[in-house]
K.L.:
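Please read through the structure below; I'll follow up with questions.
None of the values given here were measured: they were computed from a predicted structure. Quick note on labels: first sequence line is chain A, next is B, and so on, each numbered from 1.
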There are 2 protein chains.
Amino acid sequence: MPSTVEEATSVLKNNHLKITKQRTAMLEFLYNTATRKFVDVTSIDNFMRKTFPNMSHNTIYRNISEFADLGIVERQVQGDRASVKFQCDFEHEHHHHFICSNCGKVIELKDCPLSKEITDQLKGCEVSGHLFQIYGLCPECAQLNK
Amino acid sequence: MPSTVEEATSVLKNNHLKITKQRTAMLEFLYNTATRKFVDVTSIDNFMRKTFPNMSHNTIYRNISEFADLGIVERQVQGDRASVKFQCDFEHEHHHHFICSNCGKVIELKDCPLSKEITDQLKGCEVSGHLFQIYGLCPECAQLNK
DNA sequence: CATTTAAATAGTAATAGTTACTAATGTTGA
DNA sequence: TCAACATTAGTAACTATTACTATTTAAATG
């Protein structure tokens, strides 16, 4: 079992959540398919219920939601689908993404565009967060597209 | 009737779409409630059907979608709600937004964070777009929150 | 101005994604 | 081992959105 699934598991433990078969299976699936890649939630739902025919939607959605609250996964709307990606650094080091609009693959960017000059334009506002993302085709999908 | 609704109307005409009562009513509603502000689609649906009891969902959603294709409105997911804002400059001048996470109000930013240094990190990628948004409370909502 | 034609609409129903509920189960900590 | 309580399965409800089709209507044409 990969170490990052163990990491995620210990995050669950630290937050007094129980380690169930269902949660472990979901973490493994996410680690295998959604590392450095956004995967839409319905395909997770489909896969889990195919693999574990009597797993309920409830369980899947609730767990994804809890994983997100704990920073184990990152949520996002890709196109018009709710998507999720396994979070590699649980430290939450601040960074932004290039996201392939074809396959969902993610490349981390080093820079953060939030500067003082920008926030200075926002007198009186209480800035709480920001989003910076670049979209396009990753090298592989760009090749396929030719 | 405000001139920007007329502008939007002429966009429709230029694209050979018919000027119907329903479309005009929707444009007026959007102009009045969704200028410099994101409004969620279901509340548009609710309002239109309250005002025009026999307007079908189909019509509302289809028109929003067409308005978006023509650049008359800008679509976006706010939190987890599909939202829409009336587009002021039909020129599509490139810009980014501060968005109030409480009321949806929008403030335009002057700067664009996309630099050559950033795209240089993306060798082999085909960049097609980007998103930069700052979230927080607008001055009014920040006050109310105290 | 009357007529034609294709686009747009209303009304209804279906679909998809997500959430709610409750009894049964399973994990964890003592 | 056992008790407590979180988690789950199963079912059903709910909400947002889309599909379908007969009817209406805008606007182009003569």
K.L.:
Could you work out, with ring-ring contact (aromatic ring centres under 6.0 Å, His included) as the rule, every residue matching A:Phe47, not counting sequence neighbours?
P.N.:
A:Phe29
K.L.:
Output all residues satisfying salt bridge (charged side-chain N to carboxylate O under 4.0 Å, His left out) with B:Glu108, sequence neighbours left out; order by chain, then residue number.
P.N.:
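Scan of B:Glu108 (salt bridge (charged side-chain N to carboxylate O under 4.0 Å, His left out), adjacent residues dropped) gives none.
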K.L.:
When you check every protein heavy atom under 4.0 Å of nucleotides 3-8 of chain D, what one-letter string (B, S, -) results, 5' to 3'?
P.N.:
--BBSB
K.L.:
Given the rule that I, L, V, M, F, W and Y join up when any side-chain heavy atoms are under 4.5 Å apart, are B:Met26 and B:Val39 in one cluster?
P.N.:
yes
K.L.:
Please report the distance, rounded to the nearest Å, between NE2 in A:His57 and P in C:dC21.
P.N.:
17 Å
K.L.:
Atom CG in B:Leu30, atom CZ in B:Phe67: separation rounded to 0.5 Å?
P.N.:
7.0 Å
K.L.:
Roughly, in whole Å, what's the span from CZ in B:Arg75 to C1' in D:dT17?
P.N.:
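From B:Arg75 CZ to D:dT17 C1': 12 Å.
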K.L.:
Between D:dT15 atom P and B:Asp80 atom CG, what is the distance in whole Å?
P.N.:
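After rounding, the gap between these two atoms is 14 Å.
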K.L.:
Kindly determine whether B:His57 and B:Asp45 satisfy side-chain hydrogen bond (donor to acceptor under 3.5 Å, both in side chains), including the steps that lead there.
P.N.:
CA-CA 7 Å; B:His57 295 297; B:Asp45 188 57; 2.9 Å; yes
K.L.:
Write down the distance between CE (A:Met48) and C1' (C:dT18), rounded to a whole number of angstrom.
P.N.:
17 Å
K.L.:
In whole angstroms, how far is the C1' atom of C:dA10 from the CD1 atom of B:Ile60?
P.N.:
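It is 11 Å, rounded to the nearest whole Å.
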K.L.:
Between atom CG in A:Asp45 and atom P in C:dT18, what is the gap in whole Å?
P.N.:
8 Å
K.L.:
Treating B:Ser101 as the side-chain partner and B:Gly136 as the backbone partner, does any N or O pair qualify as donor plus acceptor under 3.5 Å?
P.N.:
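Pair found, side chain donor or acceptor close to backbone of B:Gly136.
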K.L.:
Determine: side-chain N/O of A:Tyr61 to OP1/OP2 of C:dT18, distance under 4.0 Å, yes or no.
P.N.:
yes
K.L.:
How many whole angstroms separate atom CD1 of A:Ile64 from atom C1' of C:dT18?
P.N.:
11 Å
K.L.:
Separation of A:Arg81 atom CZ from C:dT18 atom P, in whole Å?
P.N.:
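Spelled out: CZ on A:Arg81 to P on C:dT18 is 10 Å.
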